[in-house]
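It should be emphasised that the depicted structure is a prediction, and the values quoted were computed from it without experimental measurement.
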Amino acid sequence: MTQKINNLKQYINEKFLLTLTNKGIYNRSVKDIDNIINNTPEKIKLEEDNDKIKVTIDTGEKIEVTLNDEDIKSSKCTCPSKDICKHIIMSLLYIEHLDTENKTNDDIENNNKDNNKETEETNIVKKDDVINNTFDEVKNISFDEIRKLSTKRNFEYALDRFYENIEADIKEDAMLEINIPEENIIIYFPKKDSIKKAVCSCKDSSLCAHKIIAILKYKEMYGTLEDIKEEDKEIDENILKFAKEFAENIFEKGFYSCSEKDFDISEQLSVKLQVKNMPEIAKMFRSIAESIDSMINKKASFNKLFAFATLSRLYNTIHVIEKAKSQNDNKTVKLLTGEIRSKYINRTSGEFLGLGAYPWISSTGYLGASAYLYNINTKKVSFFSYVIPTFYDNAKISYDDVRSNYRKKIHFENNISIEEISKHKFKFINYKINNEERISSSKKTSVILNDRINFQLLEELRISKNNEELFAENYNDILNIDFKYDYFNKNDRVKIIIAKFQKIENIEFNKIEQILYFDIVNYTEDNNEERLTLNIKYTSIHSNSIKYIMNYKNSKIDKYKFILLEKTKYYIRPISIININAVINIFFEDVN
């Protein structure tokens, strides 16, 4: 075979071909080429014409495929498809068949010694090739070059994942193959034009975040990583100075002396700071505006200690930003001011378990509902939220609005509700997720709903011992969860965990504290009893869950259940109950 045909062999393996197309097209190609080879081999022909590899396939009408050995993605077919079609895959599989056939026809006995010698020489060449001719373009590309070739969002996401010590399996062969299991992604780099012609299973033709992660891991393996210089973040020092003076003014006169004017200034500052790319400061000003509004209108939600703590944090944050700016500490400036957009990247697919949903309201002026989703691939809890801003003029958002949006089939390409994904095992196709495990509501994402989640499904998952961190072995494990203080990493301040129970007892609503207390009871395999006291504080968005628990009746039939809990340093919040039939979202279910 010619050199060009030999070059094409590097592409002929199932894993790589699946990065060019999907499983359905690949399987169809295998079936069709086998049928032609076994029954009508005369209907396919390979030839080299004008330095091009052409494959002609007769399927009733003649299809002509032109294979590009240097960039397989640039191969052409005369069929109407604009993407890599089954004919291109069939052509590559046909080359593999011819190669196998030629080897079979060789006179192995007569040429055994020569072949052994050639094999030894080939092995030496391959070994030298790996040692002396590694994928130099991947190994030596600089950070500045990567920045130019990619987007800021992809580059920063890749850096975040790299610094989290994400694992990668690296295999050097005819192509460089880098598998990133946690992202469920494989990237291939050919020898020639490695970066430009790299192929990622996410199907993104640009220099996506996965390719950057792969490059960084390869550079790390060969010790060619250089120091990364942070780009300076532009700060509007005038607005920051005004914000600091405004905070000082409130310190001097106190919250109880604040007026509508102070409320207006706080809201205006939050908007301006958001526009000036300082979202973390903007959030705190929205919180202060909410506190001032609650205080003026004598709302029960006003908490003077929380308001003062937010104001103190705001003042100290601005002070540290000013100090960091004067010392050219750009990393601290970025962390304290925040970024407007989270770093979302594409993933081709992912399997999830819906574990429940919860309605919430934030001190920064947002109200919404979140689904808690367990990612089977990464073994992490992810979130999908529907958010409603409440800080606009005349915005009157109630629990009924949140409950309505929880049930609306308006999300993703095929219009799925938060209720549905919070109660099913399902698959995301072409979805986006950020480094906080939050999933985007992109209309390009498709959802395939499978089984309803129930006790038996989760029990099988627990018994498998592949997801230990998701399940509590006993209630002491939940009580003893410790949180290390980390100002910037919010993910380390909360733990999502599932606990088994059989009964709910000692249900009591404290009218003075406005808190519902109740015990969950579990009987261990040794028939020992363990109890965990939980509580739900009354608010308008919690009223439904309080009614649900107060009306709860223990069932002899539905004896074994799980409860989804959110544990922080300050509370343990029940989210949902998973019984013999389904996920029960206690904050949303109908109460008789």
Can you tell me how far apart CD1 (I141) and OH (Y218) are? Round to the nearest 0.5 Å. 13.0 Å

Could you tell me whether the side chains of N39 and N35 share a donor-acceptor contact shorter than 3.5 Å? yes

Under 3.5 Å: donor-acceptor pair, side chain of N585, backbone of S576: no

K217 side chain vs I166 backbone, donor-acceptor pair below 3.5 Å: yes

Side chain to side chain contact (heavy atoms under 4.5 Å, CB included), paired with L46, selected from L67, T56, V65, I95: I95

For the residue pair I89 and Y94, establish whether any side-chain heavy-atom pair is separated by less than 4.5 Å. no

Holding to salt bridge (Lys or Arg N to Asp or Glu O under 4.0 Å), I want the full list of residues that pass it with D69, two or more places apart in sequence or in another chain. K4

Counting distance only, does the side-chain N/O of S150 pair as donor-acceptor with the main-chain N or O of L207 below 3.5 Å? yes

Donor-acceptor contact below 3.5 Å, side chain K192 vs main chain D71: no

Any carboxylate oxygen within less than 4.0 angstrom of a Lys/Arg side-chain nitrogen, looking at E419 and K423? yes

Is it true that atom CD of E167 has more than 12 heavy atoms of other residues, nucleotides or ligands lying nearer than 6.0 Å? no

Aromatic rings F455 and F562: how do their planes relate, parallel, tilted or perpendicular, breaks at 30° and 60°? parallel

For the residue pair I25 and C85, establish whether any side-chain heavy-atom pair is separated by less than 4.5 Å. no

Can you confirm whether I36 sits close enough to M90 that some side-chain heavy atom of one is under 4.5 Å from a side-chain heavy atom of the other? yes

Determine, for E64 against K76, whether the closest basic-nitrogen to carboxylate-oxygen distance falls under 4.0 angstrom. no

Distance-minimising heavy-atom pair for F135 and A174: CZ-O, 4.0 Å

L149 CG to S206 OG distance, which is reported to the nearest 0.5 Å: 10.0 Å

Measure across P181 and D169 and return the closest heavy-atom pair with its distance rounded to 0.1 Å. CG-OD2, 3.8 Å

Are L93 and D34 packed together at the side-chain level, in the sense that at least one heavy-atom pair is separated by less than 4.5 angstrom? no

Kindly check if the number of other-residue, nucleotide or ligand heavy atoms within 6.0 Å of CD (E42) is above 12? yes

Checking side-chain contact (heavy atoms from CB on, under 4.5 Å) for the pair R28/D32: CA distance, chi angles, key distance, verdict? CA-CA 6 Å; R28 182 70 185 179; D32 288 355; 3.4 Å; yes

Determine whether a donor-acceptor pair (N or O, by modelled atom type, separation under 3.5 Å) exists between the side chain of E145 and the backbone of S142. yes

I498 and L565, any side-chain heavy atoms less than 4.5 Å apart: no

If you count every heavy atom of other residues, nucleotides or ligands that lies below 6.0 Å from K443 atom NZ, does the total exceed 12? yes

Worked check of side-chain contact (heavy atoms from CB on, under 4.5 Å) between S91 and I57: CA-CA 8 Å; S91 300; I57 305 171; 4.1 Å; yes

Looking at K219 and E226, does any basic side-chain N land under 4.0 Å from a carboxylate oxygen? yes

Is the side chain of S81 donor-acceptor paired with the backbone N or O of D83 at a distance under 3.5 Å, no angle test? yes

If you define the side chain from C-beta out and look only at heavy atoms, does anything of V402 sit under 4.5 Å from F587? no

So do the side chains of I418 and H411 get within less than 4.5 Å of each other, counting heavy atoms only? yes

Is any side-chain heavy atom of H424 closer than 4.5 Å to a side-chain heavy atom of N450? no

SB check K148 D144 (cutoff 4.0 Å): no

Let's go through E566 and V494 carefully: what are the C-alpha distance in whole Å and the side-chain angles of both, what is the deciding distance for side-chain contact (heavy atoms from CB on, under 4.5 Å) to 0.1 Å, and is it a yes or a no? CA-CA 7 Å; E566 182 180 79; V494 64; 3.4 Å; yes

K139 backbone acceptor or donor facing T224 side chain under 3.5 Å: yes

So with a 6.0 Å cut-off around CD of E469, is the heavy-atom count from everything else above 12? no

Do S385 and S370 get their side chains close enough for a donor-acceptor pair, meaning under 3.5 Å? yes

Rounded distance (nearest 0.5 Å) linking atom CD1 of I478 with atom CD1 of I481: 6.5 Å

List the atom of N154, the atom of C208, and the distance in Å for their closest heavy-atom pair. ND2-CA, 3.8 Å

Under 3.5 Å, is there a donor-acceptor pair between the side chain of N414 and the main chain of V447? yes

Should the pair F426 and F352 be assigned to parallel (<30°), tilted (30 to 60°) or perpendicular (>60°) ring geometry? parallel

Cationic tip of R403 within the cone over F588's six-membered ring, i.e. under 6.0 Å and within 45° of the normal? no

Nearest 0.5 Å, please: how far is OG1 in T445 from CG in N430? 5.5 Å

Identified ring-ring contact (aromatic ring centres under 6.0 Å, His included) partner of F16 from the options Y11, F189, Y26: Y11

Please report the closest heavy-atom contact between T19 and I186, naming both atoms and the distance. CG2-O, 4.2 Å

Has N434 got a side-chain atom pairing as donor or acceptor with R438's backbone, closer than 3.5 angstrom? yes

Working to the nearest 0.5 Å, report the span between CD1 of I53 and CG of L92. 11.0 Å

Considering the options F428, F412, Y406, Y372, which one meets the ring-ring contact (aromatic ring centres under 6.0 Å, His included) requirement together with F384? F412

Quick one: do I463 and F471 satisfy side-chain contact (heavy atoms from CB on, under 4.5 Å)? Show the steps, please. CA-CA 10 Å; I463 292 171; F471 295 91; over 6 Å; no

Not counting sequence neighbours, which residues clear side-chain contact (heavy atoms from CB on, under 4.5 Å) with K427? List them please. S349, E351, I429, I448

I'd like to know if the side chain of K203 reaches the main chain of C200, judged simply by a donor and an acceptor atom lying under 3.5 Å from each other, with no hydrogens or angles considered. no

Taking all non-hydrogen atoms of both residues into account, name the closest pair between S382 and E437 and its distance. OG-OE1, 3.0 Å

Identify which one of K191, K197, K196 satisfies the salt bridge (charged side-chain N to carboxylate O under 4.0 Å, His left out) criterion when paired with D193. K197

Is K23 salt-bridged to E14, going by a charged N under 4.0 Å from an acidic O? yes

More than 12 heavy atoms of other residues, nucleotides or ligands under 6.0 Å from CD of E473: is that the case? no

Measure across N454 and L457 and return the closest heavy-atom pair with its distance rounded to 0.1 Å. OD1-N, 2.9 Å

Answer yes or no: is there an ion pair linking E420 with R407, defined by an N-O contact shorter than 4.0 Å? no

With rounding to the nearest 0.5 angstrom, report the NZ to CG distance, K425 to L458. 10.5 Å

